[in-house]
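Naming: A, B, ... by sequence-line order, numbering from 1 per chain.
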Protein chains: 2
Amino acid sequence: MRRPGIKEVAEESGVSIKTVSRVVNGEASVHPDTRGRVLAAIERLGYVPNTAARSLKSGTAGGIGVVIDSLADPFFASLVSAIEARALVEGLSVLVATTGLDPERERSQLLNLIAGHQVAGVIFAPVADELPYLEPYRALTPVVAVDRPSPAHDSVVVDDYGATQLALRQLASFGHRRIAFYDQDERFLTVRRRFHGYCDLHEEFGMKLDPALVAWTVDGSLDYAAETQRLLGMDDPPTAFFASNTKAAIGLATSLHRIGRGDTAFIAFGDFSLADVLRPGVSCVDQDPFLIGNAAIERLLELRENPTTEPREWIVPTSLVQRGSGEIPAPIPITMEGILL
Amino acid sequence: MRRPGIKEVAEESGVSIKTVSRVVNGEASVHPDTRGRVLAAIERLGYVPNTAARSLKSGTAGGIGVVIDSLADPFFASLVSAIEARALVEGLSVLVATTGLDPERERSQLLNLIAGHQVAGVIFAPVADELPYLEPYRALTPVVAVDRPSPAHDSVVVDDYGATQLALRQLASFGHRRIAFYDQDERFLTVRRRFHGYCDLHEEFGMKLDPALVAWTVDGSLDYAAETQRLLGMDDPPTAFFASNTKAAIGLATSLHRIGRGDTAFIAFGDFSLADVLRPGVSCVDQDPFLIGNAAIERLLELRENPTTEPREWIVPTSLVQRGSGEIPAPIPITMEGILL
DNA sequence: CACGCACATGACAACGCTGTCAGGGGGCAC
DNA sequence: GTGCCCCCTGACAGCGTTGTCATGTGCGTG
């Protein structure tokens, strides 16, 4: 009761295993009659080529690896979805692995895929800043970073700095001068870049940068509800919020609505489902995971053809989606005497 | 510039390849000193065992296949996430493939994984009702169905019929007698079971089953907004909605809120992010993807140990999450004379 | 001291497939 | 008729690993 191998097919159709191999791989020089007989035998036996033997022989497997933080994150789920769709067309399988943001786990997952599975390529969201252990495989396995840049590899990212400034500029144009930066997480270069955009924008508008307006993630966690309370409870509270990532956006939206402050000016970095159902709808910088995923796998396929190119960053465009929450003007400031300034 | 193989390690440490193999696989009878020398060489060379050769030799790979409708669906994304987490602990890789609900694609994906990659097991959300082509592999590769049952395999599902009735019974207890069934999709056994529960409940409460209250998905699509308009525009409109799946729930919630009817009684089958942020919060039957994913992989691991057991259905519990929308009473019916009945 | 046994190690084949090379047969040109 | 080439086919090795079996060494026992 063994699975039929190329040998069984050869016997069944009365040719040598090599000819079967030729038919399976669609090589030209096989007589049509022979091809027909072999195909019939394959059909009859339900033969499926053994991937392991193939990749052992060829030294590289017909799969690509995808290494991300977590599949429970909708952004990454959609990203992988886009990659998988394109990979299917190319006849490539997809191996997913997650890091949980642990650099050591990132290392073992990457090595397992590249050196162990000998995948045809890897798309990954970098955790560690440097990945020296990938050096030996540089010439053999194409690697593309997504979402976050990796200095030694091609990266597909959005213009974090610029998009953040675009969003904040809009808030500023609606009169906001105290804008909270929700969820500054030092671990991510992306977020650091967004924060950088936030800081620089203050200069541009001559606004004072108040550290108290920044919600920090420490040790990987931030209590969204408590932080929202703290910010709104300040003597001089922010009049608008900027959420630096999707998770923070959902946390912020939830806590604002819970306490009946859903009408607070608010722009999120990253779209999320139902953002348009809330009242008001949540305006956001739309960072399309499908666009990013597609760009990444296109880039990977290209690298497979031509591995000699220098690493560079590929910027995927973002757009500012206006849904209402980002167009709420700042309250008119009132002096102690109650007179408008 | 080849990747080091077991041979290079053997040479480097001055032992035979077999001994290296023993060390790598943690076999007992290796002298501590030898083990140390080999481990040092492995470290020095950065040796990683070749998965292809391993699975070629052993006839089965160290990975499990997961075949689902789509990764862009948050339910399946979380499901895969749970599976991947558990697989990592077991040292198994995860190969994801999607069907897009196409039975032919399901077939090729399953065969590719089982026969081609020779995965150690498969977890899949069945599309076709029968999968005769898996018969030859029955004894070799354990297979577990999730979300939807598959007659020939172990299945991990929720009690669709019972959970639906529980939800509808609550709506009925709040006085609703005309309840719309939103998104009846014949393609899914799960949805059929939920619809069955819906129909039977009408009998139990002596309610008339009105076909006009059922929104049908035809050819895989349903215009949620238009359907909501149609239902609410009826002469005798439904006073409550039941959404039979998450996608429908989001579509329904969105269209209800868009037209200012967010206060309509509504229970969804399947939770979704932000369901608790809407006003009122969307009550739902919570079908925990992590619970289901965990149950599925546990079952798969168990089947690997003991493949002889008879296929059966494993029911994962659901809970009814009260958030407001399911506790809205039916409007009090008024006679022509304006007198309460 | 001889024997047996446990322990540590190695030689070799085989897993299923493809790349290399060789060979048989038929047609065409000289 | 002879030589050549092209088309089609097959024999065989080897990819990196592990299972089987064999070998060598040292120690305890009678």
Subject >> Pair A/S13, A/R44: side-chain N/O donor-acceptor within cut-off below 3.5 Å >> reply: no
Original post:
Can you find a side-chain donor-acceptor pair between B/S155 and B/E313 that sits under 3.5 Å?
Top reply: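 On atom types as modelled, these side chains do not qualify, holding no pair under 3.5 Å.
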**OP:** Could you pull out all residues at least two apart from B/R192 that satisfy side chain to side chain donor-acceptor pair (under 3.5 Å)?
**Re:** none
Original post:
Any donor and acceptor pair, going by atom type alone, linking the side chain of B/R299 with main-chain N or O of B/D154 inside 3.5 Å?
Top reply: no
**OP:** Look only at the side chain of B/R138 and the backbone of B/A152, and say whether a donor-acceptor pair between them is shorter than 3.5 Å.
**Re:** yes
Original post:
Touch check for B/S29, heavy atoms < 4.0 angstrom, all strands: base, sugar-phosphate only, or nothing?
Top reply: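 Answer is base: heavy atoms of B/S29 come under 4.0 Å of a base.
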I'd like a list of close polar pairs between nucleotides 17-21 of chain D and the protein, N/O only, cut-off under 3.5 Å.
unit_1 : atom_1 : unit_2 : atom_2 : d
D/dT17 : OP1    : B/Y47  : OH     : 2.7
D/dT17 : OP1    : B/N50  : N      : 3.1
D/dT17 : OP2    : B/I6   : N      : 2.4
D/dT18 : OP1    : B/N25  : OD1    : 3.3
D/dT18 : OP1    : B/N25  : ND2    : 3.0
D/dT18 : OP1    : B/R54  : NE     : 3.0
D/dT18 : OP2    : B/S21  : OG     : 2.7
D/dT18 : OP2    : B/N25  : ND2    : 3.3
D/dG19 : N7     : B/K18  : NZ     : 2.7

To the nearest Å, give me how far apart [atom1] ([X]) and [atom2] ([N]) are.
| X | N | atom1 | atom2 | answer |
| --- | --- | --- | --- | --- |
| A/E11 | D/dG10 | CD | P | 13 Å |
| A/L56 | C/dA14 | CG | C1' | 12 Å |
| A/R35 | D/dC7 | CZ | P | 14 Å |
| A/L45 | C/dG16 | CG | P | 14 Å |
| A/H31 | C/dG26 | NE2 | P | 13 Å |

Original post:
Hey, which of B/D185, B/D69, B/D129 is the one that makes salt bridge (charged side-chain N to carboxylate O under 4.0 Å, His left out) with B/R148?
Top reply: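 For B/R148, the salt bridge (charged side-chain N to carboxylate O under 4.0 Å, His left out) test succeeds with only one of B/D185, B/D69, B/D129, which is B/D69.
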Subject >> Student check: side-chain heavy atoms of B/F75 and B/V80 closer than 4.5 Å >> reply: no
**OP:** Salt-bridge test for B/E11 and B/K7: reply yes if a basic N is under 4.0 Å from a carboxylate O, no otherwise.
**Re:**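 Looking at B/E11 and B/K7, the cut-off is not met.
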**OP:** Ignoring backbone atoms, test whether B/S16 places a side-chain nitrogen or oxygen under 4.0 Å from the OP1 or OP2 oxygen of C/dT9.
**Re:**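 For B/S16, the contact criterion (side-chain N or O under 4.0 Å from OP1 or OP2 of C/dT9) is not met.
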Subject >> Rounded to 10 degrees, the angle between the two terminal axes of the helix from C/dC1-D/dG30 to C/dC30-D/dG1, each from five pairs >> reply: 50°
